[in-house]
Structure formats: structure tokens, C-alpha cells
Amino acid sequence: MDMRISSMSAHSMGPTAGSVGHMPPPQDEPERLVTVEEFFAGSPDQFGEIHDGVLITAQAQSSVHHNVIRRLEYALEMAIDPDGPCREMHGDTPMRLTDADTADVKRRARFRYPDLLLRDCSNGPYDAQTVASETLLVVEVTSEDTVDTDIGLKRELYAREGIPMYLVVRFDKNWELITEIEEHRIDWSGRRYTSWKTHRDALVLTEPVRLAVIFDDLQSRLPRRR
């Protein structure tokens, strides 16, 4: 297996974090099927998200979407305790999910590229094969094209992997201002999310990092001067 995909850092793989969304192929285009073996044999920028073996078409995202991801990534990274357990932020990097339950090997592969994730790096470098089991927090910043998937299918998929926390950033009807950030946490089953809290005006976390950041800072064109 070629581990070029699994061993590269968040900033050296594919598009800039958050710059691309993923949509199913148009109805007039044939599906492109990708197996797990083909994915890992390819180059990092050859594929995008894959669901049940089907390659999902990438869509360019807005500058607002991109800025929110950059600001949130910075805020989360700065909140990591340098004297605490090993933690790393990654953006738009591949995460292999549990294969679809089907006998057809061409319809099994499931890969997602979360806008952001925070992982436990105690066991070594980033590996797309195992990162889901190391992820402590996953973030999706919604867009007009991806919101249904972000609040529906992805919530279900990430919960099935047992990822403890899922944040969903929601915007106003013009897709310009953050209205709320939904915080979902894994329930007693370890396979479903429960809606834990809806953050308005500011995102405040006590785990897996201690963080308080106002929405104005997350959507500002330039970072706040300190």
C-alpha cells in the first residue's frame, strides 16, 4: 500500500483546508467508482470524498467559508495545551470510514475530508487508515451545497466511528454570517450523536480543549491583533 496519503501533513495534502466542498456527480454524468486499494495507490490530489465507492465531485467554496475554517483552525490549535497529551489539528485531509456493508467490493469504500479535525497524535503520524479512531473532534462548516450532508449523512457517519464531538457551523440565509454552531456529542451507545448545545455569538468549549472565541473573530477578514 502506498502510504503517501496517510503520512502527509494537513497543509501538504490537496486543496487548502475548506476551499472545496463535495457533491454527488450530476445526474447526466456516470458514477466513478473507487475501491479502497485504488484510493491508497493514488496520489493525494487524485481523489475526493467517496461514499459507497462513488467519487463525489468537488465544488469550490466561498471566501467566507474559507476564512471561517482558517480562523477556527487557528483558534483550536492555539487552545492545545503544549504541556498536555499530544494533539494535532488537520484540515481537509482524508479519513477512511468503516466500509459499507456490501458484497460488492467496488461499493464499499467510504472516505471523508472533514473541514477540520483534532486528533490524539500519541500513536504517531497522521494515517488516513486509522485517523477516525484517533479523532477527538470533527468540524464541518456548512455551505449551500453541503448543508444537507453536513447535518445528515456526515453526522451519522462520524457517530458510527465513535468520534466524541461533532461541531457544525451554520450561517444565515445569505451564507455570510455565522448564526450558530451546533455541538453534538456521542451518546451512551458510542454510535449516535445527541444534540448537546447550540452556541450563539461565541463558541465555548471545555473539552477536548479549553476554548472561547466569538463569532465576530471567526468571520473576520483579518485575525484579531493581540
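Only this structure's heavy atoms are used, side chains among them; waters, hydrogens and symmetry mates stay out.
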Which residue pairs pass the disulfide (SG to SG under 2.5 Å) test with at least one member in residues 108-165, sequence neighbours excluded? C86-C121

Is it possible for you to say whether [X] and [Y] belong to one hydrophobic cluster, with membership spreading through side-chain heavy-atom contacts below 4.5 Å?
| X | Y | result |
| --- | --- | --- |
| W196 | L211 | no |
| Y113 | L136 | no |
| L153 | V147 | yes |

Among D92, V141, V64, the one residue meeting side-chain contact (heavy atoms from CB on, under 4.5 Å) with I69: V141

Partner of D115 under side-chain contact (heavy atoms from CB on, under 4.5 Å), chosen from H65, Q61, E73: H65

What is the distance from atom [atom1] of [X] to atom [atom2] of [Y], rounded to the nearest 0.5 Å?
| X | Y | atom1 | atom2 | answer |
| --- | --- | --- | --- | --- |
| L137 | Y158 | CG | OH | 11.0 Å |
| D217 | L72 | CG | CG | 11.5 Å |
| H90 | L117 | NE2 | CG | 6.0 Å |
| L218 | L177 | CG | CG | 12.0 Å |
| W175 | D145 | CH2 | CG | 9.0 Å |

Would you indicate whether the side-chain heavy atoms of [Y] and [X] approach each other to under 4.5 Å?
| X | Y | value |
| --- | --- | --- |
| Y74 | M89 | no |
| L205 | L167 | yes |
| D201 | I214 | no |

Least distance between heavy atoms, [X] atom then [Y] atom:
| X | Y | result |
| --- | --- | --- |
| T142 | V169 | OG1-O, 2.7 Å |
| V138 | P114 | CG2-CB, 3.5 Å |
| I80 | L118 | CD1-CD1, 3.8 Å |
| F47 | F39 | CE1-CA, 3.6 Å |
| G48 | L55 | N-CD1, 3.3 Å |

State whether a side-chain donor-acceptor pair under 3.5 Å links T146 with S143. yes

Q219, CD: over 12 other non-hydrogen atoms inside 6.0 angstrom: yes

Would a line drawn from the ring center of F215 to the ring center of F171 be shorter than 6.0 Å? no

Would a distance-only check, ignoring hydrogens and angles, find a side-chain to backbone donor-acceptor pair under 3.5 Å from [X] to [Y]?
| X | Y | result |
| --- | --- | --- |
| D148 | G152 | no |
| Y193 | I163 | yes |
| N174 | E176 | no |
| R112 | P94 | no |

Pairs under 3.5 angstrom only: tabulate donor-acceptor contacts from the side chains of residues 95-103 to other protein residues two or more places apart or in another chain.
unit_1 : atom_1 : unit_2 : atom_2 : d
R96    : NH1    : Q129   : OE1    : 2.8
R96    : NH2    : D99    : OD1    : 3.1
R96    : NH2    : D99    : OD2    : 3.1
T98    : OG1    : E161   : OE1    : 3.4
T98    : OG1    : E161   : OE2    : 2.9
T102   : OG1    : D104   : N      : 3.2

Before you tell me yes or no, could you show the steps for R32 and V54 under side-chain contact (heavy atoms from CB on, under 4.5 Å), namely the whole-Å CA-CA distance, both residues' side-chain angles and the distance that decides it to 0.1 Å? CA-CA 6 Å; R32 181 182 176 188; V54 179; over 6 Å; no

Please table the atom pairs, donor to acceptor, closer than 3.5 Å between any side-chain atom in residues 181-190 and protein atoms at least two apart or in another chain.
unit_1 : atom_1 : unit_2 : atom_2 : d
E182   : OE1    : H184   : NE2    : 3.0
E182   : OE2    : R170   : NH1    : 2.7
E183   : OE1    : H199   : NE2    : 2.6
E183   : OE2    : R185   : NE     : 2.7
E183   : OE2    : R185   : NH2    : 2.9
H184   : ND1    : R155   : NH1    : 3.1
R185   : NH1    : E207   : OE2    : 2.8
D187   : OD1    : S189   : N      : 2.9
D187   : OD1    : S189   : OG     : 2.6
D187   : OD2    : R192   : NE     : 3.3
S189   : OG     : R191   : N      : 3.1
S189   : OG     : R192   : N      : 3.4

side-chain contact (heavy atoms from CB on, under 4.5 Å), that's the test. Do E31 and R107 meet it? Break it down for me. CA-CA 11 Å; E31 292 180 338; R107 297 281 182 175; 3.0 Å; yes

Per salt bridge (Lys or Arg N to Asp or Glu O under 4.0 Å), D52 is matched among R108, R110, K106 by R110

Check step by step if side chain to side chain donor-acceptor pair (under 3.5 Å) holds for T130 and S133. CA-CA 6 Å; T130 59; S133 65; 5.2 Å; no

Take Y166 and I151 through the side-chain contact (heavy atoms from CB on, under 4.5 Å) test and state the conclusion after the steps. CA-CA 10 Å; Y166 179 34; I151 66 176; over 6 Å; no

Can a salt bridge be assigned to the pair E49 and K154 using a cut-off of 4.0 Å between side-chain N and carboxylate O? yes

Applying side-chain contact (heavy atoms from CB on, under 4.5 Å), run through D81 and V209 and close with a yes or a no. CA-CA 8 Å; D81 181 357; V209 293; over 6 Å; no

